[in-house]
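Each remark here refers to the structure printed beneath this line.
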Amino acid sequence: MVTKAPLRRLTRAQYHQSAIDLFDAYGFTDTPAWRFPGEETAGPFLTQVKGGITPLEVDVAVLAADELATRAAAQPEKLLSCVDQTLSCVQEAVATLAARAYRHPLTGEERADLGALAQAGFDGGGGAKGALRLALTGVLASPSFLSLVERGRTDAPTRLTGYEVAARLALLLRGGLPDEALTQAAADGTLDTADGIAAQTWRLLKEPRARTQLAVFHQQWLGLGGLAHLDKDTRRYPWFDDTARAAMRDELEGFVDAVIRRSDGRLETLFSSPFAFVRAPLHKVYGVTAVAAGESVGLDPEERAGLLTQAAFLATHASPKLTSPTHRGLVLLRNVMCFPLGDPPPGVKIDPIPTGTPGQTTRRALVEQHSQNPACRSCHAMMDPLGLSFERYDAAGVYRAVDLDDGAPIDSTATIDLGDPALDGPVKDAVELSKRLGRSENVLGCTATQWYRFAFGRLEGPDDTAELQALAKRFVSTRGQVPDLIVALTTSDAFRSRAP
Amino acid sequence: MNFDRRTLLKALAVAPVLGARRALAGPEWARPRNLVVVYHPNGLEPGWKPAMTNGALTFPSTLQALQPFASRCLAVYGLVNGVRNEVAAHAQGMTSLWTGAVIPKDDAYSTWPSIDQLAAPVLSTGSPLASLELGVQSQAGFGAGDNQSVMIYGGAGKLQPEDDPSAAFRRAFGAAGSDASRVRAERKSVIDYVRQDIARVRSGYGTAEQFKLDAHLEGLRQLEQRLDALAGLTCNATAPSQLGAGALGATENFDTLATAQVDLLSTALRCGLTRVASLQLSNSISDRRITGVNPSLGVHATMHAGTRADKVLINRYFAGVVARLLQKLDSTKFSDGHSLLDETLVVWGTEMAIGNHLKDPVPFIVAGGDPAMGYFKQNQLLELASPSRTTRLLLSVLEACGVPSRSTLGDLKDELSTGTLPGASRVTA
């Protein structure tokens, strides 16, 4: 089956990593990627497939290319092996680099055009440096670098070439350009077979870069993109600063890595394991002693159960000072259960739900009251109970027995009624709910769909239904084994095909 | 790219176009040469309503910084924004602010152009740059990069402001300077090479994807055109100092960056680099701390749940930045004595009435333009007797700029939204 494959531009993060990969000899750590405007989304994932490049982005692409090329050309010896730095030597080096940037061996025509550009830089008075700078600018400003260009095989245009498969694998699991082993696997035909792709996928999953990509997936999946700028009321949370934000991000990365790459790799484990990477000041969240970066600590299994009960998720989906059961419920419904929710009806007044008053009302009562309106109930009856089960975690994720503002003991019980047999019924708290989520076939299917969107950078269409069903079925049959799902995805027909 | 710290272009005494202000006059009013739209987040409540005192516009303490320019201002009280759903007022407010778009979902962008982009083809004809989008930490904050932080739209997509004054300068003035002709020649050979690459990529794709490659060609065409136009530009412009990524993002540098962007904006107009500019101060869900205001909460959180005093301090700060812009434009004088403010219409607006998402009254202040022959009333409070949408004021701005007349903007086509704003203009009803 052939899946629609639109021309897909690199996201800013992919551009950033690709530039670093391309100039690995230089060890760049910063790139001009962040000058590009923000991306569109496919579900919760950042991507660039719908629109055309805007004039502003063309400008930025040329300026960013010039900036990178200028930095590279300042140290030509890192790219040029020959001592005399002749034009032909530069042309050779640039062709090698362009092949990596374009993710395929250059055609004769590409080589000739690039050679001419290098010559223009050389003749323009810039010598070898000028040639290098101009040619690299051209490479980096080209759609062949800025986009994942897929032409298919000459003998079977709907099948991707090995190089194109390598490029997709690299974007998914390295977030950037193919490494040498992938390029070699493309060259020797390994990536023309499902077995070869599987072997490369397993290899990439073991590389350090996969750790980062798994973190990127989970951050975007759970709506945690704003973590770096998360705002908390520092009167209530004086410890909440950049160190805390960084610790939350690292905690998520460490936990996902520990479960998916170094444990059983299962979704249920991700949503139930009571341990975390608690670096200061996150010990304030968990009420344990902080440990060094990279070390984990066991938590009370009555209090915590995996990713959804850790600081990043809890603090992101809350206000600066108060929890937001609706937001926590919404992200679970939309992102974790793939439940299609509409927008609130027109004319709805937003009044942030205030704190309760000691001895009179509790916040929970106010939250429940707020969704009594018949126009709101249809959605809030689904979102709010999910979120209310998380009420034991305050706006920063700190476990609490009592609401600081209204003084009432926390009630985290809820009744779930979503038509999902694995979820429905009364729940005691988020620990119980989270464990149920990890076992729900609906949640497993949604997770498979989300990986599909992440891998292709687009929403699924009617052509994808069969492939998605097969992936979901397999994911359920392995009881939520994520690495197996990723291999099933990269060896699928969809991953190896493009539009006719 | 290298450029001189001080880019000195070969000076002609005064560019001939600068004296031609009145030649642009329409039948009844002097068209502004330039249009600037300015944004700050989350309204101006509480207590921003100006008054008329002895026939003069008087700003309350929140807007005290604007008082020296009151005689050049029209303050409009009572506008209603076009947000469909107040729950999503941050996202919908930003996309709707200058476009009149009513987006169906929180995560959508406007497909309608903003008024500055509608004015650009009229005002910026012959200028190297159609428009200049500047921001001050506009992409900082929760949700950065999404539609809660973008307000300027071309027909083809969003135009994200440049938050780095130094990079904005390079983009705008880049190919100017002592080695301008070499840089231009190099750029052109890069553009030619990219065109060759586009042609190759094109051959691999069916008709459905061709528009993306056409868009790339169009971007290159505009870039090339600008390189040519820059060759004819003569002006003194000083490059802003370059800051690292950390300094650009640091909330305590907000004010320094605001000053740099105000300077760059006025330089670009003075030099005729462009005729249309926008300045976006932070975004709708800003986590920026304003110096001197409660440091425990950012702007967005304060406007939701902060004290009245803190809200006033934040609004007073943003009014100060707008005043700095007006001051800069007013103090930039041409040889015949008129100021840059005299030929520039500044429209200051925001996406909601107040931080808790209310639709009205959304504050808008129009400043500048020809003091005698301008389109808008000046030294006036316009208090609307019946509700009108913000788009009606924007339609007036377009009319003032000589953009071919239209009765509605974006998706807003109801009675509240139709036609220019009554009472705003000196010359029309």
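Lettering follows sequence order; numbering is per chain, from 1. Values below: every heavy atom of this structure, side chains too, minus hydrogens, waters and symmetry copies.
Listed here is the closest heavy atom pair of L117(A) and S189(B): CD1-O, 3.5 Å. A141(A) approaches V190(B) most closely through the heavy-atom pair CB-CG1, 4.5 Å. The minimum heavy-atom distance linking D231(A) with A301(B) is given by the pair OD2-CB, 4.1 Å. Across every non-hydrogen atom of D197(B) and S142(A), the tightest pair is OD2-CB, 3.2 Å. Across all their heavy atoms, K158(B) and P37(A) have their closest contact at CE-CB, 4.3 Å. Considering all non-hydrogen atoms of both residues, G138(A) and V194(B) come closest at O-CG2, 4.1 Å.
For the side chain to side chain contact (heavy atoms under 4.5 Å, CB included) with P55(A), the qualifying choice from H216(B), Q222(B), R226(B) is Q222(B), the only one to do so.
Counting only distance, with no hydrogens or angles, the side chain of Q160(B) and the backbone of G38(A) share a donor-acceptor pair below 3.5 Å. Judged by distance alone, with hydrogens and angles left aside, the side-chain atoms of Y205(B) form a donor-acceptor pair with the main-chain N or O of E150(A) at under 3.5 Å.
With a 4.5 angstrom heavy-atom cutoff, K232(A) touches chain B only via backbone atoms. For a residue to count as touching a neighbouring chain, one of its non-hydrogen atoms must lie under 4.5 Å from one of that chain's; by this rule R202(B) does not touch chain A. Contact of Y102(A) with chain B is made through the side chain alone, with heavy-atom distances under 4.5 Å. Heavy atoms closer than 4.5 Å to chain A are found in the side chain of D164(B), but not in its backbone. If you measure heavy-atom distances from V62(A) to chain B, the contacts under 4.5 Å come from the side chain alone. Contact annotation for E109(A): both backbone and side-chain heavy atoms come within less than 4.5 Å of a heavy atom of chain B. With a 4.5 Å cut-off on non-hydrogen atoms, L146(A) touches chain B through its side chain but not through its backbone. At a 4.5 Å heavy-atom cutoff, the contact between P143(A) and chain B is made by backbone and side-chain atoms alike. With a threshold of 4.5 angstrom between heavy atoms, S144(A) approaches chain B through its backbone and through its side chain. Heavy atoms closer than 4.5 Å to chain A are found nowhere in I191(B), neither backbone nor side chain.
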Item to complete: Applying side chain to side chain contact (heavy atoms under 4.5 Å, CB included), run through R151(A) and S203(B) and close with a yes or a no.
Response: CA-CA 9 Å; R151(A) 304 159 171 283; S203(B) 69; 3.3 Å; yes

Worksheet item: Under the side chain to side chain contact (heavy atoms under 4.5 Å, CB included) criterion, do E162(B) and L56(A) qualify, and how do the steps go?
Response: CA-CA 10 Å; E162(B) 176 58 76; L56(A) 171 71; over 6 Å; no

Practice prompt. Would you please test R9(A) and K212(B) for side chain to side chain contact (heavy atoms under 4.5 Å, CB included) and show each step?
Written response: CA-CA 10 Å; R9(A) 214 145 36 89; K212(B) 296 179 184 174; over 6 Å; no

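At least one side-chain heavy atom of D113(A) sits under 4.5 Å from a side-chain heavy atom of R200(B). Between S147(A) and V201(B), the closest side-chain pair of non-hydrogen atoms is not below 4.5 Å. Contact annotation: the side chain of D66(A) approaches that of R187(B) to within less than 4.5 Å [non-hydrogen atoms, C-beta and beyond].
Note that the OH atom of Y153(B) and the OG1 atom of T54(A) stand 12.5 Å from one another [nearest 0.5 Å]. Taking OH of Y193(B) as the start and OG1 of T137(A) as the end, the distance is 11.0 Å to the nearest 0.5 Å.
At a threshold of 4.0 Å, the pair D59(A)-R170(B) does not count as salt-bridged, since none of the basic side-chain nitrogens sits closer than that to a carboxylate oxygen.
Top candidate by heavy-atom pairs under 4.5 Å with chain B, chosen from V60(A), L46(A), I53(A), is I53(A).
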